[in-house]
Number of protein chains: 2
Amino acid sequence: MNLRQLSEVLGLSQTTVSRALNGYPEVSEKTRVRVREAAERHNYRPSLRATSLATGRTMMIGHVIPLSAREEMVNIIFTDFLAGAGEIYAQNGYAMRLSVVSDADEVEIYEDMKANGVVDGVLLHAPSENDQRIPLLDSLKLPFLVHGRATGTETPYSWLDVNNRRAIQRATEHLLELGHRRIALLNGLESYDFAIRRRSGYLGALEAAWIAADTSLMRSNEMTEPFGYKAGGEMLDQPNPPTAFIASSFVMALGVRRAIEERGLIMGRDVSVVCFDDDISYLPNGSDKPIFTALKSSVRAAGRRCAELLIAKINDEMPEEQHEQWEAELVIGPSTGPAPSES
Amino acid sequence: MNLRQLSEVLGLSQTTVSRALNGYPEVSEKTRVRVREAAERHNYRPSLRATSLATGRTMMIGHVIPLSAREEMVNIIFTDFLAGAGEIYAQNGYAMRLSVVSDADEVEIYEDMKANGVVDGVLLHAPSENDQRIPLLDSLKLPFLVHGRATGTETPYSWLDVNNRRAIQRATEHLLELGHRRIALLNGLESYDFAIRRRSGYLGALEAAWIAADTSLMRSNEMTEPFGYKAGGEMLDQPNPPTAFIASSFVMALGVRRAIEERGLIMGRDVSVVCFDDDISYLPNGSDKPIFTALKSSVRAAGRRCAELLIAKINDEMPEEQHEQWEAELVIGPSTGPAPSES
DNA sequence: TTTAACAGCCAAATCGCTTTGGATAATTTT
DNA sequence: AAAATTATCCAAAGCGATTTGGCTGTTAAA
């Protein structure tokens, strides 16, 4: 049943039926009720295809996953972030459009989305330093919101981000206060802006404590369990091993723990570990008591908020670019303790 | 630039331009080249909105996430499965449409999708026993493919599934061969069909070995790390604890391991653990050597294959319903060993 | 040489909705 | 009672593609 058929059944014009259903005032309350009832009775649902051609809106929000970033992004971020965003989208009548795309096509896909008119807005993930997608989206006049930030970008844009620098700085300070001097950083890929900021927080705290950074204690890679295990193990096997680790993700910290335990050491006594915890629903940092000392910030909540901001932007309810910076919460767990005295 | 403008520029009719670009034969090779070049030059891209209204196809495939299942589904399945499916979609010009929906609306959403015409097909996740969505989708004549199976459903439908029964049966047999007699099962939610099949495999193996099932050794819940930890710990604290565990997911097995180690026991010596391993990219069961003895089957590969099958179905290249059952591979790791002798 | 077949192109209808610009009747204002 | 509003409703023009049914010349068959 389409609009024409419904209007014929009712003996009304398509205009009136359309207006009645969409709540326009040029329709008497009596007919509106009559139309609503008929629509209900005949199970009429407007074709979104036609509506979007007529209105230019698709009620879809685009998320692009570049193939190269699959390992890191799809999993860590897309998992809970999308669940959060999806909730808000649903509440507002939107749906998500995910497209996996090879890196070479990454610029073109945004032009396509604009020209094709398949989405009303775009959520940008995991920006790098000086991310080219931002000026591109801006020039395309496609509403977008960035989850994270891109240092060095001159185009103004709206974003929501965790204060990554401050978070890791606090993690480092916490370890310094416990007397640690050899603190390792297992970071995410430093092509991403968040990882750059985290390193900067780490280096800042060390510098403030007059400790020279040791490059043998700094590694950066995809945030997987095996990388945490491997890099952590190698550092522990060094002649002058670290007494503490900062891991950029919970999953990496699991790997570090495995390396520690495999060497007969005890986490929290012999070696301390702090991690950044995105508060992943099915991999929580302990349900009752935490496993790791961590800087915690819910990526699902971020997804929700990003969705809200983007929808506001699409609806032109955002007069100027908005920025939201969240502070991560320091949760003390059993994985950190005083630095072992030198022996 | 739209079709009309392009055709005006070329001095051709819209019909001819459309046909030239879409490879129809009623166009001379000379004009086709001319049209292609002009399209390229003017950066013409057909509006998907208009195309889909005209053709009735949207080049989108729907995935529905019911809110209640968020914890379990979004994460475990959606993570790698979507990455795999997304790859194939991209290769074929499709994109994914994710909608998060509250349970009450779950039936209606499919009717909506059909009536609205927003997707060309649907991928059904995590079917339960006698899943009502299957007859519904069938009656709606919306092409769909089920990842998993739904026991008790009479409607014929196409599916791809792992042989869950056989997998867990083999896991159980492996432990029995090692001499274990008290084997615990930590299963996923048994409202899902896969969990029912796994339990059935477990019970079947026990029965074949003339061992009575002990309900104090069977638990079922969301497949999270904390649940594995909690249930595993409680069982170990029982007067007559199990000597081996079967965990329905890798993440749960991590929880079990934590419970084991916390009690000063050694996994693989004092207590054995086998798990089902979906081969999650960022949480692999060890990169070089496995952590757990496991039944392994890549959920990402399943995503890829499901996408292929569904696309074939949409394109009417599937004469009758197809079924594909995959066998999980038994990987022996250090987490299993002979049952400790009674003392 | 006539006729049939075909290659190449086009005008116009179609998909199903929204929205503009009236038209008509009822109501209010003068 | 006439004029000006206002409340309701409608016809038709869009959105931008695809596709049906024809209309011309050319070429091949009779």
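Chain A is the first sequence line, chain B the second, and so forth, proteins listed ahead of strands; every chain is numbered from 1.
- Thr15(A) has its side chain within reach of Arg19(A): a pair of non-hydrogen atoms, C-beta onward, lies under 4.5 Å apart.
- Residue contacts shown for Thr15(B) include a base, since a base heavy atom lies under 4.0 Å away.
- Of the side-chain N and O atoms in Ser18(A), one or more sit less than 4.0 angstrom from OP1 or OP2 of dT18(C).
- Within 4.0 Å (heavy atoms only), Leu12(A) reaches sugar-phosphate atoms of the nucleic acid but no base atom.
- When rounded to the nearest whole Å, the span between CZ of Arg57(A) and P of dC17(C) equals 18 Å.
- At whole-Å resolution of the value, CG in Leu10(A) and P in dC10(D) are 10 Å apart.
- Within 4.0 Å of Gly11(B), counting heavy atoms only, lie sugar-phosphate atoms of the nucleic acid but no base atom.
- For the pair Lys30(A) NZ and dA25(C) C1', the interatomic distance rounds to 14 Å; values are reported in whole Å.
- Using a 4.0 Å heavy-atom distance criterion, Ser52(A) is classed as making no nucleic acid contact.
- Between the side chain of Thr55(B) and the base of dA17(D) there is no donor-acceptor pair of N/O atoms closer than 3.5 Å.
- Checking Gln14(B) against Glu26(B), the closest nucleotide of DNA chain C that is more toward the 5' end is the one next to Glu26(B).
- Residue Asn2(A) places none of its side-chain N or O atoms closer than 4.0 Å to OP1 or OP2 of dC15(C).
- When distances run from any side-chain atom of Thr51(A) to the nucleotides dC17(C), dT18(D), dC9(C), the shortest one goes to dC17(C).
- The base of dT8(D) lies outside donor-acceptor range of the side chain of Thr16(A), with no N or O pair under 3.5 Å.
- Closest to the side chain of Tyr44(B), from the set dA17(D), dA11(D), dT19(D), is dA17(D).
- The CZ-P distance, from Arg4(A) to dA11(D), rounds to 14 Å in whole Å.
- For Met1(B) and dA17(D), the CE to P distance is 11 Å, given to the nearest whole Å.
- Put simply, CG on Leu48(B) and CE on Met60(B) are 9.0 Å apart, with the number rounded to the nearest 0.5 Å.
- Leu21(B) has its CG atom 14 Å from the C1' atom of dG16(D), to the nearest Å.
- Side-chain atoms of Ser47(A) lie closest to dG16(C) of the nucleotides dG16(C), dA17(D), dA11(C).
- Between Tyr24(B) and dT19(D) there is a side-chain N or O to OP1 or OP2 distance below 4.0 Å.
- Contact annotation: the side chain of Arg304(A) never approaches that of Tyr89(A) to less than 4.5 Å [non-hydrogen atoms, C-beta and beyond].
- Across the protein-nucleic acid pair, Arg32(B) atom CZ and dA7(C) atom P stand 13 Å apart, rounded to whole Å.
- Checked options Val17(A), Val35(A), Val9(A), Leu21(A); the residue passing with Tyr44(A) is Leu21(A) (criterion: side-chain contact (heavy atoms from CB on, under 4.5 Å)).
- For the pair Leu53(B) CG and dC15(D) P, the interatomic distance rounds to 14 Å; values are reported in whole Å.
- Ser158(A) places a side-chain heavy atom less than 4.5 Å from the side chain of Lys313(A).
- Between Thr31(B) and dG8(C) there is no side-chain N or O to OP1 or OP2 distance below 4.0 Å.
- With DNA chain C read from its 5' end, the first of the two nearest nucleotides for Arg19(B) and Arg19(A) is the one closest to Arg19(B).
- To the nearest 0.5 Å, atoms CD (Glu321(B)) and CG (Asp138(B)) are separated by 7.5 Å.
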